[in-house]
Amino acid sequence: MTSEKLIERLCSAFGPSGREEAVAGLIKKEISDICPNAVYDRMGNLIAVMRFGDTSAEKRKRVMISAHMDEVGFMINEIKSNGTLGFDTVGGINESVMAGRRVSVLGEGGLMTGIIASKAIHHKDKKEREKAVKTEKLYIDIGAADGDEAKKYVSVGDFAVFDSPFYTFGEGLVKAKALDDRMGCAAMIQTMRALKKQPPEGDLDACFCFTVREEIGLSGAKAAAYRIKPDIAIVLETTAIADIEGVDPSGRVADVGGGVVVSVMDRSTIYCRPLVDLALRLGKQKGIKAQVKRYVSGGNDAGTIHKTGEGVKTVALSVPTRYLHSPACVASMEDYHSQQRLCEEILRAVCSTEEI
Amino acid sequence: MKLYNTIKDLCLCPSVSGREEKIRDMLRELIKPFCDECATDNLGNLIAVKKGRGTENSKRIMLCAHMDEIGFLVNFIEDSGMLRVAPVGGISLPAAAFTRVVSEKGVKGAIVPEDKVKAADYKAQAFYIDIGAKDKKQAETKVAIGDFFVAAPSLEKLMGNRICGRPLDDRVGCAVVLGIAEALADVQLDHDIYYVFSVQEEVGCRGSQTAAFRVQPDIALCFDVTATGDTLGASPMACGLGGGAAIKIKDSSVICDEEITKALCRAAKENKIKHQKEVLLFGGTDTSSMQLAGAGAAAGAISIPTRYIHSGVEMCDLGDVQCCIDLGAEFIKSI
Amino acid sequence: MNKNKLKEFIFSLCSVMSVSGFEKRAEKPITELTAGMFDSTLTDAVGNRIFIKKCGKQNAPRVLIDAHLDEIGMIVTEVCKGGFLRIANLGGIDVSIMQAADVIVYGEKPLRGVIASTPPHLKKDDKLPAFSELLVDTGLSEDTLKELVDVGTPVGFAPIYGELLNGRLIGKSFDDKACAACALLAIAETPGEELAADVYVMLSATEETNRLGGVAAGAFRCDPDYAMVIDVNLARVPDTKDYETVEMDKGISISLSAATDRRLSMATAELCRRKDIPFSLIAAPSSTGTNATTVNLVGLGIPTVDVGLPLACMHTYNEVISMTDAMSLARLVREFVCSKEIAAEMTREEVSLI
């Protein structure tokens, strides 16, 4: 399968924080030939361990590679008597990308289509037209005639996600919902394949964790890290950037097409310096395009992983992504390949280096 | 004088959060004579242990001071050679404006706000570091995106016992832990004492969390600076310079274990050590993360009263610092 | 369960002083109140109180029932001239309820106090004072007060209990000791052989004042297979939104949230349906705002369900709960720990990483 096809399949799956089963099932199937022993922990994380070299060696490198399966979404919190659904967001979604969007609601009988609606522009006064509609004024319309009919299909506590098609466009770009972080999941799958094909030289436990609940900040990765007790963690992510017209160069964070983003610091982590240096050095040596993150913003699973147990040396490799947490995330396939390759090279390098 | 010199040596070794290698090397050498083993964990915490007799009642006691300091991260280099930065930890921008800074690689510079930005409107995005470079190309010979800077370190003696400079937060706490270790060096104790110099306190008490998880202490004591109520215009707070060791009752992150605070007060009274109580209504310390790591610990703190925290003119009283050392040592002997 | 017995137990437990951060002071009175009710009990370093009742089976799973022990309160920050005390709040307290409130200062001995209020003719405007401007009037001289009270002394609201129509109870700190009382009594009255798991009831510390809460350390120690966190939930009153509140007298609430275990939450709802225990489902999208969010992430992860008891006038000294709802909660706790289906489903599978 091509990388694009793999990303498309992963992005199309339904998987808001707390309901990652469909994504996990897809991944488990996808890696069944490489790692038939992949297991779920009790949080719902999917963990696949690949062991290389002398499995009885005492000084094995234990590395956790992690990408989260969940995406931002919505939860139904009220079924109104007129048949529309009140909702709130699961994870951070900007109000300016919600109104008018199509969503998939996972109800009693499976997925159904709805739209996020509010009153039409004709009914808005001048002030209302200037501002995004507040979440509590928006509602999801599934076409139900009244509350009783809606309740046949949907209950309070049910989830929804954006319904937005994947496509390639421009010069090597892709657009989809949930690129954050299904691209990371895809990079992990392809790294597993590459390691299977050509095993790294050294004694290495590579623990691939497809994690849950990153978007609500209560990362399932914590439980996975606590179970694995790794020395090193590589977090594969996307990072929000603003490399668009009108933004001052100092505020752009990173550039699409500029290569995989290596972070020095974000709001949840100060990354392990030797690992950051190694990543940048390998990028140069192996001709993998990499850029240092130029802004302190955002946070990801690294935040909890590095503080788990007795602490974990952590590095994050992110694909620079425009319009993150919207139905139309945009990223470059070239950056994706850089992320995947750099992850692979770090894994090959750490098991033969003494410095980390 | 020896105490002052130790504090000064520690202050003059810049080590921003997440990049504590230099100060860790220095502290390792200083603590070595007073402990049996010394280790560094994955995040960079320095954990030194002095073993006790190992009896049935032996407890694990963790003393912790953080060795990192607040600073700046270089985000972007302008064509003009000016460096755009992000704050690391709780930087006070009015205090940082127009001061000298130094990078981890030793590059000197000044941090300033953009012209015409009024003090009331300060935000980090409007600050930059000028290292004297004539353009981006020249700047890049010395500095790269991802480099860290700190405000220039300094320490001086003022009148009486007062000292002034930076970063007393929390090198003075490190000096207290060193002082306690020295005082207990020749004392045979029942308990295992863990002297921990933690990383990344200024960005959210991250290091103490993993260190405490490893140590799993029964009793945890934090040594950090606390604000005072004895400056002009200060919010009322019954804690001041020269009042002795401050026994923490609470700060915004923790309410200290009552038995620990009582035992500290008792130890202070019995040994006639000057002390005061600290109820801090803002700010957090490593106390909280130690209290809740793993299955939890009884946690308390001895604070060093400090004026103008997170500025270039942090001020302490050496007498208070000595009280903190004495109290820490006597408390441990009393357990 | 006898309704009156539960009511009296709620009043007794809620009367105990357990201002956040001072939970260890509650150790002795709670030991007296719970004498003989459990197989064993312990207080940990953080102040969590853990009660254990074994089911008597080998390799039995472990279930944790958590309700927080601490209550909102105050702490003395300064002993002022004239026999007044300056205080700070511990936990979120609405300053609009403070003036003229009855409090108890827990110094060398408990002292009665009232919160001083500004007489109307001296008020400049209708703005409320900041918490730091409030004073406690103990009626004592400065010298006497200094002997009895020091900086750091906890202050609590006076325990004065009563009843309204329809079996509604009023008084302080039903948040969350009323829930703790329901759990303790329900499990104490359940014969050990009916339990489907070894039960750990935890009255956890510092929920009101610490972001994590003492529950993080306590749950780590108990290391359960699954858990129920019980806390009070905002009752529907005028001016509140329906989706953020639950109706009183209509039973307990079960949260559906991305932060808790959906399988266990659904199984708990199913249990309520089967056993005819009134309940409602509420959506708590990204966080429950209770200990459940924390417990779920402890150690290897603990599947957790978040259960709520409707309560009006939250964080005041006259909180209101319904006895009908309290009885429903007690029944649910009993059915939950006795449910072999839930125990079987939640017993941890050994996850082997090769």
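Nothing here was measured: the structure is a model prediction, and the numbers come from that model.
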Study note, to complete from the structure: Most heavy-atom pairs under 4.5 Å with chain C, out of Glu136(A), Arg213(A), Glu215(A), belong to Arg213(A)
Point to revise | Atom group of Ser257(C) that falls short of 4.5 Å from chain A, counting heavy atoms | key: backbone
Review point. Among Asp203(A), Asp54(A), Asp205(A), which one satisfies side chain to side chain donor-acceptor pair (under 3.5 Å) with Arg60(A)?
Key: Asp205(A)
Check your understanding: Using 4.0 Å as the upper bound for N to carboxylate O, is an ion pair formed by Glu341(C) and Arg274(C)?
Key -> yes
Point to revise | Thr304(A) versus chain C, the contacting section by heavy-atom distance below 4.5 Å | key: neither
Practice item. Measure from the ring center of Phe14(A) to the ring center of Phe162(A) and say whether it is less than 6.0 Å. Key: no
Review point. Is chain C contacted by the side chain of Ser219(A), its backbone, both, or neither, given a heavy-atom distance below 4.5 Å?
Key: backbone
Exercise for review: Against chain C, label Arg227(A) side chain, backbone, both or neither, depending on which of its atoms sit under 4.5 Å from a heavy atom there.
Suggested key: both
Point to revise | Shortest non-hydrogen separation from Phe87(A) to Ile116(A) and the atoms involved | key: CZ-CG2, 3.9 Å
Review point. Is Lys134(A) salt-bridged to Glu95(A), going by a charged N under 4.0 Å from an acidic O?
Key: yes
Point to revise | Pick from Thr293(C), Thr260(C), Val298(C) with the largest number of heavy-atom pairs that fall under 4.5 Å of chain A | key: Thr260(C)
Check your understanding: Contact part of Val39(A) toward chain C, heavy-atom cut-off under 4.5 Å: side chain, backbone, both or neither?
Key -> side chain
Exercise for review: May I ask you to say whether Lys241(C) pairs ionically with Asp88(A), meaning some side-chain N is under 4.0 Å from a carboxylate O?
Suggested key: no
Study note, to complete from the structure: The interface call for Asn45(A) against chain C, heavy-atom contacts under 4.5 Å, is neither
Exercise for review: Start with the C-alpha gap between Tyr226(C) and Phe336(C), add the side-chain angles, then the distance that decides, and say whether ring pair (Phe, Tyr, Trp, His ring centres under 6.0 Å) holds.
Suggested key: CA-CA 11 Å; Tyr226(C) 58 109; Phe336(C) 184 76; 5.7 Å; yes
Check your understanding: With only heavy atoms counted, which part of Leu218(A) is less than 4.5 Å from chain C, the side chain, the backbone, both or neither?
Key -> both
